[in-house]
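The basis for the numbers below is simple: all heavy atoms, side chains too, and nothing from hydrogens, waters or symmetry mates. Starting from 1, each residue takes its place in the sequence as its number.
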Amino acid sequence: VCSFPPPKFFLLKPVHKKMSEQREKVLEKVSELETLLEKLVPIILDYEKEGAKEETKVIHFKEAADLMKAFPLEIPDEPKDIDMIVEHIKGIMKHSVRTSHPRFMDKLYVGSDPIGQISELIATVLNTNVYIYAVAPLFSLMEFKIVHKWADVLGMEKSQCEGLLVPGGSFANFMGMAAARHFHFPHVRLMGWQAADKPVAFCSAQAHYSVKRASMMLGFGMNGVVKVEADEQGRMKLDKLVDAVKNAMEEGKKPFFVNATCGTTVVGGFDHFAEIRSICDEYDMWMHVDAAWGISACFTPILANEVKGIETADSVTWDGHKSMGMPIFAAGVIVHKHNGLLQSANSSNAEYLFHDHSERSFDIGDMSLQCGRRNDALKIYLSWLRHGTSGYRARVESFIGLAKYLAKRVEERDEFALVVQPPYGQVCFWYIPKALREKAAEDLSSVYEDFNRITPIIYRRMQEAGNMLISCNPLSDQGLPYFFRLVSNSPLLTEKDMDFVLDELDRLGNDLS
């Protein structure tokens, strides 16, 4: 009789019932995802196909009170079944602005493309927080690679650049200014502002409003940013910048930061980067370039003169979700020739999270002001993989061409007047109703007050009609009244759409006086 104990595998107990139930829950989760996809994929595809129909609206506009009645936003105490969730999603899609429609030309962004949509789905399935290498190894490396690719696009030596992805261009501008603050006033990080500091920053009168918000958040106040006069193309006047810097110094202030713009929000202007670099060097100031919208100008030789000198900036903001059509957000900031500055400016060395290890240099979160960091690198990487740099070059050259075509058509028609020749992908123009055309032909400025009154009326009629959407705004620093601004960013647009815009505006506003 064998007296040896039986092998251990004979003694193994059945899998614990609780563990088995947990695995069943995983399969239940997969089953629910499968059911949702089976029900929603046809709905999504039909939604996208509807964009090809002439009768499809960009928007089914409702005022807020009516929209709340049409789609009550009630959050229940008890869960709802999948079929009800699907019905809710259909309602959400119905009552949302159709940004994927070719004639959504209202903002600097447009609808996402298939690779971007799939990228967002995969990123959500993986649900990775990109702050330390340990939990996001591939995406940490991916983010570094993307920053280096952007350095190449900007014409910078990638070994001299560092950067990170952030939730939007406004945050990137804030990061650029924060880096400049740490470079010029390193004591502020621990001790705060001192009475003798007296910092002052400068930007164009047409710079994005986030520049002043950044100064507010950094504690030296919105009045700590001096707005410098711009010309009709949105470019900061260099002599006025020098005057503003000298005046600040005479007042005992310390000029430390200049925000230049690559593609202004309204007219699409480009600042004189090389000349601004020289001024910054002369007066020891940090040069930041907000290229959130205009970054794609770096892809094409057509705009080579416009972006000359951008490679000399100390920091640059860029957005892939604007001119490159990636899903929101796909933005970042690059710091140039100041390696280690983001880490020294923002690090908190949280010991529960950041540890010494062989891949410590890839723990991106310690040089960011965020803890939770969404995986935005994936959509940028996959989108670039799908389209290539040549695809983005073709895209920007297409929307520049459409802007020029529309500007030419505006000049050819008596019903319209061009505000300025488009430097980039926006066309700014006035619609002139029949009753005002004779007066406007003699002196356009004589109907400026009329433009302030009638342009918003036409905009509301456009919303209610729903056939297209373009924005309207004044340009106060130039003394210009309300006008229309069309953004030609969508790769689905054609010259036929440009002609439709002018005809539709004439239909909507011809009866006004």
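Between the Ser488 side chain and the Phe399 main chain, a donor and an acceptor come within less than 3.5 Å of each other. Asn346 places no side-chain N or O within 3.5 Å of a backbone atom of Ser368 that could act as its donor or acceptor partner. Under a 3.5 Å cut-off, the side chain of Ser112 and the backbone N or O of Gly116 do not form any donor-acceptor pair. When atom types are taken as modelled, the side chain of His182 and the backbone of Ala178 share no donor-acceptor pair closer than 3.5 angstrom. Between the side chain of Glu162 and the backbone N or O of Gly340, at least one donor-acceptor pair lies under 3.5 Å. When atom types are taken as modelled, the side chain of Ser315 and the backbone of His288 share no donor-acceptor pair closer than 3.5 angstrom. Arg485 contributes a side-chain N or O that, together with a main-chain N or O of Thr265, makes up a donor-acceptor pair within less than 3.5 Å. Ser347 contributes no side-chain N or O that, together with a main-chain N or O of Ser344, makes up a donor-acceptor pair within less than 3.5 Å. Judged by distance alone, the side chain of Ser398 and the main-chain N or O of Ala394 form no donor-acceptor pair under 3.5 Å. At least one donor-acceptor pair under 3.5 Å links the side chain of Asp106 to the backbone N or O of Ser471.
Asp271 has no carboxylate O lying under 4.0 Å from a charged side-chain N of Arg235, or vice versa, which leaves the two without a salt bridge. Taking 4.0 Å as the cut-off between side-chain N and carboxylate O, Lys227 and Asp477 do not count as a salt-bridged pair. A salt bridge links Lys254 with Asp284: the distance from a Lys NZ or Arg NE/NH1/NH2 to an Asp or Glu carboxylate oxygen falls below 4.0 Å. Between Glu120 and Arg374, at least one side-chain nitrogen of the basic residue sits less than 4.0 Å from a carboxylate oxygen of the acidic one, meeting the salt-bridge criterion. Between Asp197 and Lys253 there is no salt bridge, since no side-chain N of the basic residue sits under 4.0 Å from a carboxylate O of the acidic one.
Contact annotation: the side chain of Leu108 approaches that of Gln426 to within less than 4.5 Å [non-hydrogen atoms, C-beta and beyond]. Contact annotation: the side chain of Leu369 never approaches that of Met217 to less than 4.5 Å [non-hydrogen atoms, C-beta and beyond]. With a 4.5 Å cut-off on side-chain heavy atoms, Trp286 and Val258 do not count as touching. In this structure the side chain of Phe139 reaches within 4.5 angstrom of the side chain of Leu378, judged on heavy atoms.
The environment of Gln194 atom CD is dense: over 12 non-hydrogen atoms of other residues, nucleotides or ligands sit within 6.0 angstrom. Within a 6.0 Å radius of NZ in Lys57, other residues, nucleotides and ligands contribute more than 12 heavy atoms.
Below 30°, between 30° and 60°, or above 60°: for Tyr109 and Phe104 the angle between ring planes is between 30° and 60°, a tilted geometry. In this pair, His338 and Phe183 present their aromatic rings perpendicular. The plane angle is above 60°, beyond the 30 to 60° band.
Here the CD1 atom belonging to Ile328 is positioned 11.0 Å from the CG atom belonging to Asp376, to the nearest 0.5 angstrom. In this structure, Ser140 OG and Glu359 CD are separated by 10.0 Å, a value rounded to the nearest 0.5 Å. A distance of 6.5 Å separates CZ in Arg213 from CE in Met216, rounded to the nearest 0.5 Å. In this structure, Glu74 CD and Met68 CE are separated by 8.5 Å, a value rounded to the nearest 0.5 Å. Rounded to the nearest 0.5 angstrom, Ile89 CD1 and Ile44 CD1 are separated by 8.0 Å. Rounding to the nearest 0.5 Å gives a distance of 12.5 Å between CZ of Phe257 and CZ of Phe185.
Counted by atom type alone, Ser159 and Glu157 present one or more donor-acceptor pairs between their side chains at under 3.5 Å. For His387 and Asp113, the side-chain atoms include at least one donor-acceptor pair closer than 3.5 Å. No hydrogens or angles considered: a donor-acceptor pair under 3.5 Å links the side chains of Asp290 and Asn173. Glu48 and Gln117 share a donor-acceptor pair across their side chains, judged by distance under 3.5 Å alone. Inspection of the Asp366 and Gln343 side chains reveals an N or O donor paired with an N or O acceptor under 3.5 Å. Looking at His357 and Asp363, their side chains do bring a donor and an acceptor atom within 3.5 Å of each other. Side-chain contact annotation: Trp293 with Ser323, donor-acceptor N/O pair under 3.5 Å absent.
Relative to the six-membered ring of Tyr47, Arg98 meets both conditions, a distance below 6.0 Å and an angle of at most 45° to the axis.
Of the candidates Phe144, Trp318, Tyr392, Trp318 is the only one forming a ring-ring contact (aromatic ring centres under 6.0 Å, His included) with Trp150.
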request  = Quick one: do Arg393 and Thr300 satisfy side chain to side chain donor-acceptor pair (under 3.5 Å)? Show the steps, please.
outcome  = CA-CA 6 Å; Arg393 182 182 306 116; Thr300 173; over 6 Å; no
